[in-house]
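Comments concern the structure below.
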Amino acid sequence: MIMSWDAFGMRVCRAAGDETEFFESYFEERNEMTNSINLISGSITLGVFWVLLIAAEYTYGQGETTMHPYRLVIQGGAGTISRGQMTPELEKEYTDKLLEALNTGYGILQKNGTSLDAVETVIKILEDSPLFNAGKGAVFTHEGTNELDASIMDGRTLKAGAVAAVKHIKNPISLARLVMEQSAHVMLVGEGAEAFAKGHGVQLVPQEYFYTEKRWQQYLKAKEDEKKDSGAPRKQVAPEDSSQKKHGTVGCVALDKMGNLAAGTSTGGTTNKRFGRVGDSPIIGAGTYADNRTCAVSATGTGEYFIRLAVAHDISAMMEYTGVPLEKAAQTVVMEKLPKIGGDGGVIAIDGHGNIAMPFNTTGMYRAYIDDGGKPVVKIYKE
Ligand code: ASP
């Protein structure tokens, strides 16, 4: 009998006469050994992979699997919002709803969801709340109806969708997204937009759905004021009365873990609007804009001024052409250029690095974001 050790450390025994049997069992044993070794080395590789992944999570994402910072900012309208006019109960209602929307949107981003999904979901929550001038709780037109506008934009592809003057769409932001994803167009209005909605199985609601007593009283007061003022058309589209300057439009900008930006805005427009008036919210470049190379912006304020300055795109273009940071671009447009032409309102904006800006030139703007420490922050008034 010859006894030796092979490369696998197996004892090799050779006995004369039983060569065949020996080699059969030898190779069987050796194959088993090879399989075990493969299994062990596979497990080691997998182990190393997980260690690296956990290290990456720890380094880049504060416990999240990400190489990109992700962030979300929301707004619920700018205007004459002062502490004096606000009751603690109402303030709590606004704060709770903004927090609910913020946390839901942020949760989507945390679970690797897209910025587009986060923006749409956040805006749907705010549209469904009677507190804001979007979806349920929208302001009334001169004819006592509700006409809704919304838009959404994808900063990765520069695709955009918008709807204007729709009367029976529960969530205009979702229809705007459908226009972006399921049509060859960017903007659909009125009955055409609703026909498109029907064709895509979107939920239509009767006008009564949007009714709230608060908005109805605002509307009656606006009509009363208009009578006193002999109905000057300028006033009907851009109300100067401070009691009407509570806009309540909703919007959201987000940056997801893939580094993609998105923006969306939804509104009922301005109280007592007429002649099919459409504001800035559904106008891509005025009320909403997103470009991965620069920023995502959602605006609120008297739309006529935002359209004239193409506010949302102006902020993006300033960053692109001059290289100024987001904060500077947003401040310049909202605090310098807008007031020069009489424009009131504000924007929320976010850039590709997760920097945010929320300038407004009114006394207040409902806004909320997650701070650097991951804590949700809701603000209403000027600091
Ligand atoms: N920008 C909206 C519009 O003019 C109103 C608002 O933001 O409150 O329609």
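We count ligands from 1, going down the list as the structure has it; atoms in each ligand are counted the same way.
Between Tyr70 and Tyr106, the ring center distance clears the sub-6.0 Å criterion.
A salt bridge links Arg71 to Asp372: at least one charged side-chain nitrogen sits closer than 4.0 Å to a carboxylate oxygen. In this structure, Glu100 pairs ionically with Lys97, as a charged nitrogen and a carboxylate oxygen lie closer than 4.0 Å.
The stretch residues 157-169 participates, sequence neighbours left out, in these side-chain hydrogen bond (donor to acceptor under 3.5 Å, both in side chains) pairs: Asp154-Thr157, His168-Glu194.
Using a 4.0 Å heavy-atom cutoff, Gly287 is absent from the residues neighbouring ligand 1.
Polar contact with ligand 1: present for Gly301 (N/O pair, distance under 3.5 Å). Ligand 1 has an N or O atom lying under 3.5 Å from an N or O atom of Asp280, backbone or side chain. Polar contact with ligand 1: present for Thr249 (N/O pair, distance under 3.5 Å). The shortest N or O to N or O distance between Gly303 and ligand 1 is below 3.5 Å. Taking only nitrogen or oxygen atoms, main chain and side chain alike, Arg277 reaches within less than 3.5 Å of ligand 1.
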As a quick check of understanding, evaluate side chain to side chain contact (heavy atoms under 4.5 Å, CB included) for Lys337 and Ile341, giving each step before the final call.
CA-CA 7 Å; Lys337 295 174 90 172; Ile341 62 162; over 6 Å; no

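With ligand atoms numbered from 1 in the order given, ligand 1 contributes 1 (N), 2 (C) to contacts under 4.0 Å with heavy atoms of Ser281. Heavy-atom proximity to Thr300, at under 4.0 Å, picks out these atoms of ligand 1: 6 (C), 7 (O), 8 (O).
Grouped with Ile108 in a hydrophobic cluster is no other residue, since no side-chain heavy-atom contact under 4.5 Å to another Ile, Leu, Val, Met, Phe, Trp or Tyr is found.
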